[in-house]
Amino acid sequence: TAPPVVIHTWGGPFTVAADAAHDALTNARSVLDAVQIGGAACENNQCDGTVGYGGSPSENCETTLDAMIMDGNTLNVGAVGALRRVKHAIAVARHVLEYTGHTMLVGDSATLFAAQNGFKEEDLATDQSRDMCEHWKRNQCQPNSWIGVVPDPKSSCGPYTPLENGASETAPGQDGGDIKGRGHD
Amino acid sequence: TISLVALGKDGSMAAGTTTNGKAYKIPGRVGDGPIAGSGSYVDSLVGGCGATGDGDLMMRFLPCYQAVENMRRGMSPAAAAEDAVRRMVKRFPDIQAGVVVMNNKGEHAAAASGWHFTYSFRGQGMNKTHVVQVDPI
């Protein structure tokens, strides 16, 4: 495909990202701008519920965001992990890239960095994400990511405590098994 | 998760990922998305890559770093993507993963495991984004 080119994972609702990023490139924006603009388009459109605010709630019903952006010319990287209460994750990652010598900021400290850079703090939950979380709780907190704890995480909600005999034989990484139904990013 | 790679007319490249991660995660969990080499990776001298899937497993393999390095060693984007996915499948046969790869000439391909994956691309002269279906290996 002749440049400028944008490719990305997924189709369907995600194609807003390619359209936005390609439009940026054809309007003389940089490739970093294009990636940021494409990612932000998906964040704003909550692509498939797996990008941006109001999706993939944690056990505490909170939506947190992960993002990174990488410059292929300099190999400079900016990233945020478990970013709380800020919608524009890839833009915050861009700020990490542009204005720090670090690679990744996480959690509340990433939120503080974002606020110091002018990003608005707001609740990332939506009615839909709250409903998802409440349904999950009513379904005995299934699926979840706990292993080797009591009560049995395959049938009960927490709080959990470790089994006296240590990690369960089903721990991912031991035999490669039991990963079906664990969900994905 | 969305992971993107952009190639400019001047040959410059960038990549990025943004995601809200896995549903019902234990608070504090961070997946593969923001990990360089896992969620995405790019070197303008070679090409770039974006990935999605079971982040708790994928971040152990740095599939995008692997795919770009595969291209650096001469593989096509298709072979590079397939090799990166096969390395994960070898240890985790049921893994859900999708890897999309583009070299610095604009040639692109993808590979997947555990699901029918899709990826999108739009280049010079295209009036809309095209979506490509990818069967699992």
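Protein chains get the first letters and strands the later ones, always in sequence-line order, with residue 1 at the start of each.
- Among the candidates A:Ile69, A:Asp71, A:Val35, the residue making the largest number of heavy-atom pairs closer than 4.5 Å to chain B is A:Val35.
- Here the CE-OH distance, from A:Met132 to B:Tyr24, works out to 3.5 Å after rounding to the nearest 0.5 Å.
- More than 12 heavy atoms of other shown residues, nucleotides or ligands fall within 6.0 angstrom of atom CD in A:Glu98.
- Separation of atoms CE (A:Met68) and OH (B:Tyr41) is listed at 9.0 Å; rounding is to 0.5 Å.
- To the nearest 0.5 Å, atom OG1 of residue B:Thr1 and atom NE2 of residue A:His8 are 13.0 Å apart.
- Contacts with chain B were tallied for A:Thr1, A:Asn73, A:Thr9; A:Thr9 has the most, counting heavy-atom pairs under 4.5 Å.
- Smallest separation of non-hydrogen atoms from A:Met104 and B:Pro34: CE-O, 3.3 Å.
- Counting heavy-atom pairs under 4.5 Å between each of A:Asp48, A:Asp33, A:Asn60 and chain B puts A:Asn60 at the top.
- Looking only at side-chain heavy atoms (C-beta outward), A:Leu65 and B:Thr18 stay at 4.5 Å or farther from each other.
- We find that B:Lys25 and A:Asp185 are not joined by a salt bridge, their nearest charged nitrogen and carboxylate oxygen being 4.0 Å or further apart.
- Residues B:Met59 and A:Val106 fall within the same hydrophobic cluster, defined by Ile, Leu, Val, Met, Phe, Trp and Tyr side chains chained together at heavy-atom separations under 4.5 Å.
- Heavy-atom contacts from other residues, nucleotides or ligands closer than 6.0 Å to CZ of B:Arg29 number more than 12.
- Placement of A:Met70 and B:Phe61 within a single hydrophobic cluster is found when ILVMFWY residues are connected by side-chain heavy-atom separations under 4.5 Å, directly or transitively.
- Shown here for B:His116 and A:Trp10, the closest heavy-atom pair between the two residues is O-CZ3, 4.4 Å.
- Between atom OG1 of residue B:Thr52 and atom CZ of residue A:Phe14 there is a gap of 7.5 Å, rounded to the nearest 0.5 Å.
- Using a 4.5 Å cut-off between heavy atoms, A:Val80 touches chain B through its backbone atoms (N, CA, C, O) alone.
- With hydrogens and angles ignored, the 3.5 Å screen pairs no side-chain donor or acceptor of B:Asn20 with any backbone N or O of A:Gly54.
- In the hydrophobic clustering of ILVMFWY residues, with side-chain heavy atoms under 4.5 Å counting as a link, A:Ile37 and B:Ile2 come out apart.
- Of the listed residues B:Pro27, B:Gly31, B:Ser3, the one with more heavy-atom pairs under 4.5 angstrom with chain A than any other is B:Ser3.
- Of all the heavy atoms in B:Gly8 and A:Pro3, the pair that sits closest is O-CB, 3.8 Å.
- A:Cys157 pairs by the side-chain contact (heavy atoms from CB on, under 4.5 Å) definition with A:Cys141, not counting sequence neighbours.
- Within residues 129-137 of chain B, the residues having any heavy atom less than 4.5 Å from a heavy atom of chain A are, in residue-number order, B:Thr129, B:Val131.
- When all heavy atoms are compared, the tightest approach of B:Met102 to A:Val5 is SD-CG1, 3.7 Å.
- Most heavy-atom pairs under 4.5 Å with chain A: of the set B:Val100, B:Thr17, B:Val30, this distinction falls to B:Thr17.
- The same ILVMFWY cluster, assembled from side-chain heavy atoms under 4.5 Å apart, contains both B:Tyr119 and B:Met88.
- Around OH of B:Tyr65, the count of heavy atoms belonging to other residues, nucleotides or ligands within 6.0 Å does not exceed 12.
- Scanning both residues, B:Gly53 and A:His184, for their nearest heavy atoms gives O-CB, 3.3 Å.
- At a 4.5 Å heavy-atom cutoff, B:Ala110 makes no contact with chain A through either its backbone or its side chain.
- In terms of modelled atom types and a separation under 3.5 Å, the side chain of A:Ser56 and the main chain of B:Gly21 share a donor-acceptor contact.
- Across all their heavy atoms, B:Arg122 and A:His22 have their closest contact at O-CD2, 3.4 Å.
- Ranked by non-hydrogen atom pairs under 4.5 Å with chain B, the options A:Gly52, A:Ala82, A:Cys133 are led by A:Gly52.
- Ranked by heavy-atom pairs under 4.5 Å with chain B, the first of A:Gly78, A:Ala24, A:Ala2 is A:Ala2.
- Of the residues considered (A:Thr64, A:Val77, A:Thr63, A:Leu25), A:Thr64 shows the highest number of contacts with chain B, using heavy-atom pairs under 4.5 Å.
- For A:Cys47, no part lies near chain B; criterion is any non-hydrogen pair under 4.5 Å.
- When heavy atoms are compared at a cutoff of 4.5 Å, B:Val99 does not approach chain A at all.
- In the hydrophobic clustering of this structure, B:Leu4 groups with A:Val51; members are Ile, Leu, Val, Met, Phe, Trp, Tyr whose side-chain heavy atoms approach within less than 4.5 Å, directly or through other members.
- Counting heavy-atom pairs under 4.5 Å between each of B:Glu107, B:Lys105, B:Met58, B:His108 and chain A puts B:His108 at the top.
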